[in-house]
Amino acid sequence: MLETLLNDVQTAAVLCNQFGDSGKGKVIHALAPWADVIARGTGGNNAGHTLILNGQEMVFHLIPSGIVYDHEGKINIMGNGMVIDLEELCKELDQLDTRKISYNNLMISQDAHVIMPYHISQDQQKNQSLAQGGIGSTGKGIGPCYTDKIARRGIMIGDLYDVDRLVKKIKKAELFYPEQKIDDGAIDDFIQKIKPLAARIKPFVRDTIQEMHQFYNQGKKILLEGAQGLLLSIEYGTYPYVTSSDCSLNGTAAGVGLSARAVDLPLGLVKFPFMTRVGGGPFPTELGGRDQEEYCQQPGRTLESELQLYEISSTREFNLESNQVRYDRRHPAILRMMNDSDPCTKAVGIRLAANEFGATTGRPRRIGWVDAVAARYAAGINGPYFVLTKVDCVADTGHFNVCYGYNTNGTISPLFSRDSEALRGVSPEYKQYEGYSDLRDLTSYDKFPQSVRKAITEFEWFTKGKVVMLSTGPKDNQIIVKEA
Ligand code: IMP
């Protein structure tokens, strides 16, 4: 079935048409066997791509998740548009070593930018102002690193191998980070710290833009791995509540040295029929509105604290392979909450049923119903092909909703707005559909409950898009191709 979808495709991209966290890891894993080259073009370790390999959950923050196919000779590229924290990258290499996953064919762009310690400190200080309306970044230094890139004072991977040039560049940064005390001693410490890290990645550093052009011209099959989601794009998202890269199709292609026109099959993932957002910012379909936004941002909110609060027993599996909290996602208390009339309680139920906690920060994700208005806008940029993910997670709610319009003081609009203040003021116009029970064992689209198929047909009509695949569970075989 996937073969039909990929027929005549040379380059595909897995993108998100919401606020990220839509299950890209699993779709990338499904398409990776088809690809010769898997490449990531934006962001850094603010992302987290989760995939299940031999029953074990793995999270990649930086390295493309196609690395698990390295032993088959597949090439994985960290592109020019990325920002890289060297320590985190080396930790990820350690993780691969531990799991005996090879990375002989990894390529790291000499043009990617390096996240420096002062970027991280600055990002975290900014984060402390969340209560005063900050954006709630992941605190990984992403924004400050991209700021330096655009301001033409950034440090690139290629700079790491010329110490004089590196020191000169860091000294320049001193001017822009006066509160960070980047004196000679700090620079020395930094150089000593990064020397072994830079040496470790050196065999993989390349001019990946030229490499990519060669692969493309040789007719190799290329899979682009998006990060975050279109509504978080610096260019198209709910500015300023966005990440600092353009995580659309355009930015993702640019971030690996390709034109978006080279991408034959851009897949825009949306969770359905719920969606999530992590961090601050407008979210028109959020269950519980501002109350939930504030609740999710309170310090100390984690999966374990939420389970404790609602007296749901759990165990933590902690070893080299895994650090996961296990609990019954269909626990009676969770099912009860999912069906509660109070929207904040319902949100907790869906969050626990779908295990919606940040892969990078552990923060609880805010929960809402799927927003077709935003999806239509996203498809205008990322193209018309949708993949619906996590469709199984909201089974057993009495009904589900899809938002087809924004109501502002009685005026209903089908158009998305990038004006964050205006977006905060809209209320969603929903169409309600009958709920459904477990979908995980379904093997073809025509077996889906009628209410789900009806919602999908109407979603396609409204967004002018085409749903091509659906994911109905975490396992590899829980993926259904709808039409080619
Ligand atoms: P930053 O990317 O760390 O600067 O964070 C900016 C905003 O993007 C914050 O609201 C983050 O929560 C959000 N964000 C960044 N990366 C991800 C992601 O991978 N998934 C979901 N949200 C993200």
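Note that the structure is a prediction, hence the values are computed from the model and not measured. Numbering of ligands and ligand atoms starts at 1, following listing order. Count residues from 1 along the sequence.
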J.: Using heavy atoms and a cut-off under 4.0 Å, could you grab the residues that are in contact with ligand 1, chain by chain, numbers ascending?
T.: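 Phe19, Asp21, Asn46, Ala47, Ile135, Gly136, Ser137, Thr138, Gln228, Leu232, Val242, Thr243, Val278, Gly279, Arg363.
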J.: Applying ring pair (Phe, Tyr, Trp, His ring centres under 6.0 Å), which residue pairs with at least one partner in residues 269-304 are found, sequence neighbours left out?
T.: Phe19-Phe283, Phe272-Phe459
J.: Please report, to 0.1 Å, the donor-acceptor pairs under 3.5 Å made by any side chain of residues 222-232, with sequence neighbours excluded.
T.:
{"unit_1": "Glu225", "atom_1": "OE1", "unit_2": "Ser65", "atom_2": "N", "d": "3.0"}
{"unit_1": "Glu225", "atom_1": "OE1", "unit_2": "Ser65", "atom_2": "OG", "d": "3.3"}
{"unit_1": "Glu225", "atom_1": "OE2", "unit_2": "His49", "atom_2": "ND1", "d": "2.7"}
{"unit_1": "Glu225", "atom_1": "OE2", "unit_2": "Ser65", "atom_2": "N", "d": "3.3"}
{"unit_1": "Gln228", "atom_1": "NE2", "unit_2": "Asn46", "atom_2": "OD1", "d": "3.2"}

J.: Does a side-chain N-to-carboxylate-O contact under 4.0 Å join Glu356 and Arg351?
T.: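 No salt bridge links Glu356 with Arg351.
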J.: Closer than 4.0 angstrom, basic N to acidic O: yes or no for Glu304 and Arg316?
T.: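 Looking at Arg316 together with Glu304, the answer is yes, because their closest N to O distance falls below 4.0 Å.
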J.: Return the set of residues passing side chain to side chain donor-acceptor pair (under 3.5 Å) with His331 (not counting sequence neighbours), or none when no residue passes.
T.: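 His331: no side chain to side chain donor-acceptor pair (under 3.5 Å) contacts found.
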J.: Parallel, tilted or perpendicular: which describes the rings of Tyr404 and Phe462, with under 30° parallel and over 60° perpendicular?
T.: perpendicular
